[in-house]
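First comes the structure, then the notes that go with it.
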Protein chains: 2
Amino acid sequence: MSRIVYSTGTMLGESQFLHEKIYFDIKQKIINKEYKFGAMLPKEMDLMDIYDVSRHTIRKSMDRLFIEGYIYKVKGKGTFVKSVKADYKLSNLSSFSEIMDSQEGKPNSIVIEAREIKLTDRIRKKLDVGDVQLDTCYYIERIRRNGKTNLCFEKTYINKELCPNIIDFITPNVSTYKLYEDKYNLTMDNGEYNLEAINASPSIAKILDITDGDAILYMTARITIIDARPLYFVEAYYIGSRYIFSTNLKR
Amino acid sequence: MSRIVYSTGTMLGESQFLHEKIYFDIKQKIINKEYKFGAMLPKEMDLMDIYDVSRHTIRKSMDRLFIEGYIYKVKGKGTFVKSVKADYKLSNLSSFSEIMDSQEGKPNSIVIEAREIKLTDRIRKKLDVGDVQLDTCYYIERIRRNGKTNLCFEKTYINKELCPNIIDFITPNVSTYKLYEDKYNLTMDNGEYNLEAINASPSIAKILDITDGDAILYMTARITIIDARPLYFVEAYYIGSRYIFSTNLKR
DNA sequence: CAGTGGTCTAGACCACGGC
DNA sequence: CCGTGGTCTAGACCACTGG
């Protein structure tokens with residue numbers, strides 16, 4: 001059994017766990033082309049010797065590399081590096097990416113409104129768990145911008161149960177994301193997204209300072225926490241010519 | 001150690017593997033509310049007795065239930081059923097879902113064109129692996145419909161290397177999906193999707209029989225096979241008022 | 001403190017691919 | 001046939017939770 005020899009160069013991550021260290025190390029080697037596209041990785045037995053760990057630990061590292069799209073396996077043959085760059089990590093919950101170079105102008109937002117409102121049936125369906133009866137929720141209306149360019153108009157409906165008094169902390173450029181995580185210790189877990197194309201109505205056009213009928217990417221999403229309780233529901237009107245939604249879907 | 005007692009009722013799936021049988025069984029019990037929303041599952045030790053298997057096998061079943069969003073775990077406390085229905089299985093590669101009730105009219109398509117074309121630089125970038133030099137690809141132009149209603153106009157660029165002569169098998173309602181899988185034994189693995197909203201150009205409007213300027217959901221996607229080689233690149237113009245794109249993104 | 005899930009080991013047998 | 005990854009077992013120790 002040899003000693004552990006990890007890749008040199010930029011470290012991708014640290015971990016206290018063997019399987020995660022090995023995952024980072026092999027990922028590093030794939031990125032550094034020490035393991036080239038299409039090539040076969042050392043077989044599990046060899047990796048056991050290389051890292052001086054059990055087979056289970058090797059396989060756990062490989063599982064993660066597989067899920068993230070770096071390798072694939074063929075039973076009876078071996079484990080191979082995918083022939084093209086791949087990182088299937090889903091463009092996480094903040095998955096809208098700007099077309100425009102964000103070199104000039106920083107992302108910022110204008111809060112138009114932040115208050116408690118009565119729930120409509122439509123929104124209640126999105127925020128309700130079933131047994132709890134919600135009457136009100138927090139409502140935030142914002143324009144998101146890049147520098148002085150409008151990007152989208154956004155309405156957010158927040159589950160009051162999960163983050164009481166959150167509107168008291170809302171300021172123009174506060175990250176609601178950070179509020180959820182730090183102030184309320186909530187971890188966002190899943191988002192159900194819907195996207196469609198619509199023509200801007202006169203009122204939306206006015207808010208976004210665009211022309212009536214311009215193409216709008218209308219997105220709704222319900223974001224939930226770890227036990228699947230809805231944290232918030234958001235509807236957003238993205239100016240079509242300024243945003244692209246990107247994602248990876250596996251199999 | 002007791003004997004295995006599986007759920008009765010509708011079977012969700014069969015498997016030769018213990019971990020998969022247990023996965024199906026627990027999923028069944030969650031759906032049947034034998035394990036209720038928010039409730040704690042039996043601890044791993046108990047599940048080992050219930051199913052008469054080792055801890056590793058139990059944990060493998062639980063891993064899958066976790067990935068698909070049925071359960072969550074809290075270290076030191078236990079494993080719990082998510083409080084709301086959840087199935088995170090990504091709305092797989094055919095993830096466009098119709099708004100319109102598909103009760104009337106069946107999905108069908110009109111092939112406008114199917115031939116071999118020279119690659120432009122733009123398409124080559126999407127289909128190239130790097131070392132191989134592609135000169136041509138297969139090109140298919142289609143209108144997808146539901147009954148007599150147009151849904152989208154679609155241009156597909158297919159990697160010739162992976163499925164030679166595929167255009168000879170293209171007929172109006174053939175499933176290209178099935179061709180890839182059955183005729184060429186290719187398994188689609190991943191898709192990188194981009195979505196944006198645009199106003200219909202005069203030419204697109206004419207093809208889809210809509211009005212100039214109507215909102216269009218313009219989607220491009222590159223679909224790859226297991227070793228990450230691109231199988232095809234597609235660009236599609238979905239009539240905004242008739243389609244919604246839905247997906248789940250985790251964390 | 002006891003109880004839970006998370007990590008890790010050492011080993012066995014099987015299924016599939018290719019020679 | 002051999003070599004590969006896939007399944008499964010039996011057991012150990014650790015880290016976090018809660019009373």
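A, B, ... follow the sequence lines: proteins, then strands. Residue 1 opens every chain.
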For this session: Please assess A:Leu65 against A:Lys27 for the test side-chain contact (heavy atoms from CB on, under 4.5 Å), listing each intermediate value before the final yes or no.
Result: CA-CA 7 Å; A:Leu65 289 166; A:Lys27 185 164 91 171; 3.9 Å; yes

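- The listed nucleotides are C:dC8, C:dG18, C:dG5; the one nearest the side chain of B:Lys75 is C:dG5.
- A:Leu18 has its CG atom 4 Å from the P atom of C:dC8, to the nearest Å.
- Of the residues near DNA chain D, A:Lys43 and B:Thr57, the one whose nearest nucleotide (by heavy atom distance) lies more toward the 5' end is A:Lys43.
- No donor-acceptor distance shorter than 3.5 angstrom exists from the side chain of B:Asn32 to the backbone of B:Glu34, with no hydrogens or angles considered.
- Exactly one residue among B:Arg124, B:Arg122, B:Lys118 makes a side chain to side chain contact (heavy atoms under 4.5 Å, CB included) with B:Thr120. That residue is B:Arg122.
- Between B:Lys125 and B:Asp121, none of the side-chain N atoms (NZ, or NE/NH1/NH2) sits under 4.0 Å from a carboxylate O, so this pair counts as no salt bridge.
- Contact annotation: side chain of A:Arg55 to base of D:dT7, donor-acceptor pair present below 3.5 Å.
- Side-chain nitrogen and oxygen atoms of A:Arg59 include none within less than 4.0 Å of the OP1 or OP2 phosphate oxygen of D:dG5.
- Phosphate contact (OP1/OP2 of D:dC8, side-chain N/O of B:Ser54, threshold under 4.0 Å): absent.
- B:Tyr193 and B:Phe245 have tilted rings, their planes meeting at an angle from 30° to 60° on a 0 to 90° scale.
- One can place NE2 of B:His56 at 16 Å from C1' of D:dA12, the figure rounded to the nearest angstrom.
- Across D:dT9, D:dT7, C:dC8, the shortest atom-to-atom separation from the side chain of B:Val53 is found for D:dT9.
- Closest to the side chain of B:Glu44, from the set C:dG6, D:dT9, D:dG5, is C:dG6.
- Between B:Gln16 and A:His19, the residue whose closest nucleotide on DNA chain C is further toward the 5' end is A:His19.
- Between the P atom of C:dA10 and the CD1 atom of A:Ile58 lies a distance of 13 Å, rounded to the nearest Å.
- When each of C:dG6, D:dG5, D:dC8 is scored by its nearest atom to the side-chain atoms of B:Phe17, the top-ranked nucleotide is D:dC8.
- Between the NZ atom of B:Lys73 and the P atom of C:dT4 there is a distance of 14 Å, given to the nearest Å.
- Sequence order on DNA chain D of the closest nucleotides to B:Gly76 and A:Gly76 puts A:Gly76 first from the 5' end.
- B:Lys77 has a side-chain polar atom (N or O) that falls below the 4.0 Å cut-off from OP1 or OP2 of D:dG18.
- When the C1' atom of D:dC8 is taken as reference, atom OH of B:Tyr23 falls 20 Å away, rounded to whole Å.
- Nearest-nucleotide positions on DNA chain C for A:Glu20 and B:Asp46 put B:Asp46 closer to the 5' end.
- For the pair A:Met45 CE and D:dG6 C1', the interatomic distance rounds to 15 Å; values are reported in whole Å.
- In this model, the phosphate group of C:dT7 is approached by a side-chain N or O of A:Lys60 to a distance below 4.0 Å at OP1 or OP2.
- The closest donor-acceptor contact from the side chain of B:Tyr23 to the backbone of B:Lys60 lies at 3.5 Å or more, if one exists at all.
- Distance NZ (A:Lys21) to P (C:dG6): 20 Å, rounded to an integer number of Å.
- Note: CE (B:Met40) to P (C:dG3) measures 12 Å, nearest angstrom.
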